[in-house]
2 protein chains.
Amino acid sequence: METLRERKKQRTRDALLRAAVELFTSRGYERTTVDEIAAAVDVSQRTFFRYFAGKDEAALALVEMTVERFVEAVRARPPHEPPMEALRQAVLDGWDSINEVVESVVPVERYLRMYRVIESTPVLLAAHLRRSVEVEEDLARVVAEREGLDLDADPRPRLAVAVFSGVMRATERQWSTDPDFGLDRIRALTSLYLDGVGPALLGDWRGA
Amino acid sequence: METLRERKKQRTRDALLRAAVELFTSRGYERTTVDEIAAAVDVSQRTFFRYFAGKDEAALALVEMTVERFVEAVRARPPHEPPMEALRQAVLDGWDSINEVVESVVPVERYLRMYRVIESTPVLLAAHLRRSVEVEEDLARVVAEREGLDLDADPRPRLAVAVFSGVMRATERQWSTDPDFGLDRIRALTSLYLDGVGPALLGDWRGA
DNA sequence: AGGTTAGTGACAGCCACTGACAATTGACAA
DNA sequence: TTGTCAATTGTCAGTGGCTGTCACTAACCT
């Protein structure tokens with residue numbers, strides 16, 4: 001059982017996160033001040049910065065939860081799976097179980113709306129991409145370990161991850177401007193784009 | 001012939017850019033204030049912001065010059081070349097002619113040092129990655145046009161560009177931590193990584 | 001030469017963020 | 001319980017990036 005202090009902290013953090021997401025998705029990121037978020041939870045601005053290193057961290061916190069879960073999922077894939085297959089399955093499974101990860105803080109729908117705010121807000125997109133670089137490094141390590149390779153000697157783990165991440169980014173970007181909001185659409189796009197990599201790398205595009 | 005006013009403006013901008021790069025590469029980006037840059041050129045802080053939308057823009061301005069040139073180079077590649085080949089040649093040619101693009105502002109060596117500052121400064125890396133997203137969109141358009149395809153109907157242009165950009169990012173990242181500073185090293189890594197994409201995508205990595 | 005326009009400096013102000021210190025509140029033992 | 005310690009929070013003051021405004025000067029144009 002958790003101590004009262006810890007529960008209180010958790011509640012404050014959740015409240016701040018909820019308020020932030022609420023404001024970001026309605027009013028927009030830039031047009032929301034940290035003071036407003038703090039005021040909505042009735043804490044001081046200083047307290048906000050004790051829970052989040054910056055305004056952007058609050059905006060990315062939800063996605064961060066799912067990203068961490070994704071990396072774990074890759075690590076947990078059966079070792080005999082080829083790298084790209086393991087990555088693919090981990091993402092798709094991630095979208096299937098997104099609700100379980102997020103529902104304790106916000107409903108899935110709000111998560112998706114926040115995702116679109118990130119994608120359409122330059123500073124947030126930038127922060128998101130920067131974080132992705134770190135994730136890629138983690139993934140490369142996982143892949144190298146799965147295949148029993150030395151990350152510094154063999155470029156393939158990093159390359160596979162780079163290609164995969166590039167495709168995922170293209171998918172996110174496409175989805176974020178798609179009129180169809182739903183999870184099914186993301187799943188479909190993910191599969192479609194991953195299947196498209198092979199054909200796209202072929203020299204001759206006339207045969208499709 | 002340019003007007004005096006325009007020449008003066010150009011000189012002010014160049015001076016600001018030079019001072020900024022000088023300070024960023026020596027003192028570091030975060031530890032350099034806009035006031036210091038402005039003071040080094042003896043203009044007001046306000047004037048700095050009339051030339052650069054933000055401190056980061058001054059830090060990315062050099063790379064921006066080469067990026068624009070790169071996109072043009074892709075556009076100018078012979079139409080019969082497959083997309084990935086055109087992209088590859090354009091990058092490699094870009095590194096060959098980097099000096100011509102940059103020398104009017106700073107020596108190449110300083111350009112390369114600035115590149116490393118970007119790569120190692122979180123906020124700059126973030127801004128750089130965000131800009132790359134826009135570049136990818138431009139490239140996708142160029143590729144689609146070259147191949148006579150509709151960008152909204154066929155995912156292959158975006159995919160090819162996404163894969164290419166992913167690999168380029170991995171290359172940059174690798175180079176930025178390499179003890180070898182030189183241009184040759186970048187060229188070698190670029191070729192190596194591009195050649196590695198095929199093998200990395202294969203299911204079975206045991207055969208190499 | 002004289003009116004017009006572009007570029008600049010000075011100033012005031014917003015907002016994100018940080019350090020320091022004091023006040024409060026929960027944890028835990030006597 | 002109660003007193004002590006430690007964690008959490010609020011307050012305050014300050015820095016740095018960035019913007020709007022306005023008056024002033026220098027370049028342009030006829």
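Reckoned from all heavy atoms, side chains included, excluding hydrogens, waters and symmetry mates. Letters A, B, ... are given to chains in the order of the sequence lines, protein chains preceding strands, and every chain is numbered from 1.
Nearest heavy atoms, B:Phe181 versus B:Leu112: O-CD1, 3.7 Å.
When the side-chain nitrogen and oxygen atoms of A:Thr47 are compared with OP1 and OP2 of D:dT11, none of them lie within a distance under 4.0 Å. Dashed line: the shortest gap from a side-chain N or O of A:Lys9 to OP1 or OP2 of D:dT8 is under 4.0 Å.
Distance B:Asp42 CG to C:dT8 C1': 12 Å, rounded to the nearest Å. In this structure, A:Leu124 atom CG and C:dA16 atom C1' are separated by 14 Å, rounded to whole Å. One can place CD of A:Gln10 at 17 Å from P of C:dG26, the figure rounded to the nearest angstrom. Between the P atom of C:dC17 and the CD1 atom of A:Ile37 lies a distance of 10 Å, rounded to the nearest Å. Look at CD on A:Glu6: it is 14 Å from C1' on D:dA6, rounded to the nearest Å. Computed from coordinates, the B:Glu30 CD to C:dT18 C1' distance equals 14 Å when rounded to whole Å. Taking atom CD of A:Gln45 as the reference point, atom C1' of D:dT15 lies 13 Å away to the nearest angstrom. Following rounding to the nearest Å, B:Glu2 (CD) and D:dA27 (P) show an atom-to-atom distance of 16 Å.
Relative to the side chain of B:Leu4, the nucleotides C:dG9, D:dA27, C:dA16 differ in distance, and D:dA27 lies closest. The side chain of A:Arg5 sits closest to C:dG26 out of D:dC18, C:dT8, C:dG26. Distances were taken from every side-chain heavy atom of A:Arg46 (C-beta onward) to each of D:dG10, D:dA26, D:dA7; the shortest belongs to D:dG10. Picking from D:dA27, C:dG26, D:dG17 the nucleotide with the shortest atom distance to the side chain of A:Lys8 gives C:dG26.
Non-hydrogen atoms lying under 4.0 Å from DNA chain D are contributed by B:Arg50, B:Ala53, B:Gly54, B:Lys55, all within residues 50-65 of chain B.
Classification of the B:Phe52-B:Phe48 ring pair by plane angle, with boundaries at 30° and 60°, yields tilted. Between A:Tyr115 and A:Trp175, the ring planes lie perpendicular to each other; the angle is over 60°, past the 30° to 60° tilted range.
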Next item on the list: Assess whether side-chain contact (heavy atoms from CB on, under 4.5 Å) is satisfied between B:Arg50 and B:Thr47, documenting all intermediate values.
Entry: CA-CA 5 Å; B:Arg50 289 199 177 97; B:Thr47 293; 4.0 Å; yes

Next item on the list: Could you walk me through whether B:Arg113 and B:Val21 pass the side-chain contact (heavy atoms from CB on, under 4.5 Å) test, one step at a time?
Entry: CA-CA 9 Å; B:Arg113 285 184 59 195; B:Val21 170; over 6 Å; no

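If you check every strand for non-hydrogen atoms under 4.0 Å, A:Ser44 touches a base.
A salt bridge does not link B:Lys9 to B:Glu6: none of the charged side-chain nitrogens sits closer than 4.0 Å to a carboxylate oxygen.
Note on residues 6-38 of chain A: pairs passing ring pair (Phe, Tyr, Trp, His ring centres under 6.0 Å), not counting sequence neighbours, are A:Phe24-A:Tyr29.
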